[in-house]
Trainee: 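My questions will all concern the structure given below.
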Number of protein chains: 2
Amino acid sequence: MRYRRVPDETVRRMPLYLRGVRILSEKGQGSICSKSLADCLGISAWQIRKDFSYFGDFGKPGVGYDVAMLESRINKILNLGCGHNVVLVGAGNLGSAILSFNGFRQYGFNIIAAFDRDAKKIGKKKGPVVIEDVSRIARMEKKGVDLGIIAVPVSAAQEIADALTAIGVKGILNFAPVRISVPKKVKIVSIDIAVELARLPYYMVSSQSQGVVE
Amino acid sequence: MRYRRVPDETVRRMPLYLRGVRILSEKGQGSICSKSLADCLGISAWQIRKDFSYFGDFGKPGVGYDVAMLESRINKILNLGCGHNVVLVGAGNLGSAILSFNGFRQYGFNIIAAFDRDAKKIGKKKGPVVIEDVSRIARMEKKGVDLGIIAVPVSAAQEIADALTAIGVKGILNFAPVRISVPKKVKIVSIDIAVELARLPYYMVSSQSQGVVE
DNA sequence: GTATGTGAAGAGGTTCACAGCA
DNA sequence: TGCTGTGAACCTCTTCACATAC
């Protein structure tokens, strides 16, 4: 095992492996091989072994991977498991859905506060929290908030990103369809739902998949 | 301009360019250069010109791109603009948010029906449609449905994907955190919100970004 | 025999440098 | 001069083949 930079694509796949390990774990398997994880996720077995190899030895040749060990190892690599406090900004349709979503818990995320600008929403309980006014984001500074989720309209996204950065958030999951600028130390992952949907029709026309022919 | 396969990454970025063109268009610019689009989206100008080059000549050297032409050109490449009928399955928190979301319209998508398994939801109007029982998906067969959105729990996702495939859907946007299998002619784009959030903590620990050192 | 871990080869994508046109 | 379009160089990531360990 030599020094080696971990590809971004590998980091992107690691949480997926965690998902797969848990699916196979629930089926009662104590040990799995790269092939079964590959089948479960639709990723090649080579790819999985290569990805794991960036972080050291995970399995036993001829046997496979111990499920419990694999899960805790990936959790540690991804810096999950210890638990992370998350705040959400924007309690509209999408924000409300996120507050009611319990899929974050299995990765150790706790949404500890939610904010909105709309006075009509302030004070209402949604999911695990009561909606507060956005002006109160600054009060979260000493609460150990690691991550923020932006689910506000485009026009407010940058301002909210600035407010989240100010309270020391290290990562932002952004649903607003706009580029937001933050200091380099803050990592942004953006999900633009409409843009994702918008690339599907391209593949409906087979001739286009080969581009231009002179 | 020679024959050339269009990279998947290019296709992924094309809808983003459309988003950028519209932002700049609203600012009243009739003509834009690759640099201004690059600044707007956080992508390099070279990358943009290269991506466009796969589809032929878009702009005028020394001048830039005509905004209206660029928009209609990208629309045509992506097979958007002509309008696509979409059905949504799963009217829970996320599904409801999607039904209330109007960001799809600017890409020419119309959600023409929504389905759920929960009897309590059937018959209720949400956004532009009335929720129907999932058993009625089959009736959409001759309605010209191009795309489907899956917002159901993991346990139902594959079954719904099969039902959508059966009515002739050509593409699926899947929010269920599970791999689903469909015929090759059906294109799937998956968004796993928890998995996206789960890779953020990795970047909070700077030492990990270099992997293992022997 | 079976499955991992990894150097090397091969694809795929990005960046560069510059030719060509307005 | 300014900006596009593109071959070539460069880099990253994926796939392969096989040595190694159980």
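In what follows, chains carry the letters A, B, and so on, assigned in the order in which the sequence lines appear, proteins first and then strands, with residues in each chain numbered from 1.
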Trainee: Which value, rounded to the nearest 0.5 Å, describes the distance between Tyr17(A) atom OH and Gln47(A) atom CD?
Mentor: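 Nearest 0.5 Å value for the OH-CD distance: 5.5 Å.
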
Trainee: Among the nucleotides dT14(D), dT14(C), dC3(D), which one has an atom lying closest to any side-chain atom of Tyr54(A)?
Mentor: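 Closest nucleotide to the Tyr54(A) side chain: dT14(D).
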
Trainee: By nearest atom, which of the nucleotides dT4(D), dT15(D), dT14(C) is closest to the Pro61(B) side chain?
Mentor: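 Minimum distance to the Pro61(B) side chain belongs to dT4(D).
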
Trainee: Are Tyr65(B) and dG5(D) close enough that a side-chain N or O sits under 4.0 Å from OP1 or OP2?
Mentor: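 It does, given that an N or O in the side chain of Tyr65(B) lies less than 4.0 Å from OP1 or OP2 of dG5(D).
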
Trainee: Just N and O in the side chain of Arg49(B): are any of them under 4.0 Å from OP1 or OP2 of dG5(D)?
Mentor: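 Negative; the distance criterion is not met.
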
Trainee: Rounding to an integer number of Å, can you tell me how far Trp46(A) CH2 sits from dT15(D) P?
Mentor: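 Roughly 7 Å, once rounded to whole Å.
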
Trainee: Nearest nucleotide by nearest heavy atom, which residue falls closer to the 5' end of DNA chain D, Val63(A) or Asp51(A)?
Mentor: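 The residue whose closest nucleotide sits nearer the 5' end is Asp51(A).
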
Trainee: Quick one: label Arg13(A) by what it contacts on the DNA or RNA (base, sugar-phosphate, nothing), any heavy atom closer than 4.0 Å.
Mentor: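 Sugar-phosphate, no base atom in range.
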
Trainee: Under 4.0 Å, counting only non-hydrogen atoms across every strand here, what does Thr10(B) touch: a base, just sugar-phosphate, or nothing?
Mentor: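 It contacts nothing in the nucleic acid.
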
Trainee: Output the single nucleotide from dT14(C), dT4(C), dC13(D) whose closest atom is nearest the side chain of Asp8(A).
Mentor: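 The nucleotide sitting nearest to the side chain is dC13(D).
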
Trainee: With the side chain of Cys33(A) defined as its heavy atoms from C-beta on, choose the nearest nucleotide among dT15(D), dA8(D), dT4(C).
Mentor: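 From the listed options, dT4(C) comes nearest.
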
Trainee: Without decimals, in angstroms, what is the distance between Lys60(B) NZ and dT1(D) C1'?
Mentor: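 In whole Å, dT1(D) C1' lies 18 Å from Lys60(B) NZ.
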
Trainee: Nearest whole Å is fine: how far is dA3(C) C1' from Lys50(A) NZ?
Mentor: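 The distance from NZ of Lys50(A) to C1' of dA3(C) comes to 16 Å, rounded to the nearest Å.
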
Trainee: Could you give all pairs that pass the side-chain hydrogen bond (donor to acceptor under 3.5 Å, both in side chains) test and reach residues 93-116 of chain A, with sequence neighbours left out?
Mentor: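 Matches after skipping sequence neighbours: Ser96(A)-Lys126(A).
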
Trainee: Give a yes/no answer on whether the side chain of Ser34(B) brings an N or O atom under 4.0 Å of OP1 or OP2 in dC3(D).
Mentor: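 Negative; the distance criterion is not met.
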
Trainee: Is it true that Asp8(A) and Arg12(A) have a side-chain N and a carboxylate O under 4.0 angstrom from each other?
Mentor: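 No, no charged N to carboxylate O under 4.0 Å.
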
Trainee: Tell me, please, whether Phe58(B) has Arg73(B) positioned over its six-membered ring: NZ or CZ under 6.0 Å from the ring centre and within 45 degrees of its axis?
Mentor: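 Checked: cation-pi criterion met.
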
Trainee: What does Lys35(B) touch in the nucleic acid at a heavy-atom separation under 4.0 angstrom: a base, only the sugar-phosphate, or nothing?
Mentor: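 Result for Lys35(B) = nothing.
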
Trainee: Given dG13(C), dT14(C), dC13(D), identify the nucleotide with an atom nearest to the side chain of Arg5(A).
Mentor: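 Per side-chain heavy atoms of Arg5(A), the pick is dC13(D).
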
Trainee: Can you classify the ring geometry of Phe109(B) versus Phe104(B) as parallel (below 30°), tilted (30 to 60°) or perpendicular (above 60°)?
Mentor: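 Because their plane-to-plane angle is over 60°, the rings of Phe109(B) and Phe104(B) count as perpendicular.
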
Trainee: Separation of Glu9(B) atom CD from dG12(C) atom P, in whole Å?
Mentor: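 Rounding to the nearest Å, CD of Glu9(B) and P of dG12(C) are 12 Å apart.
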
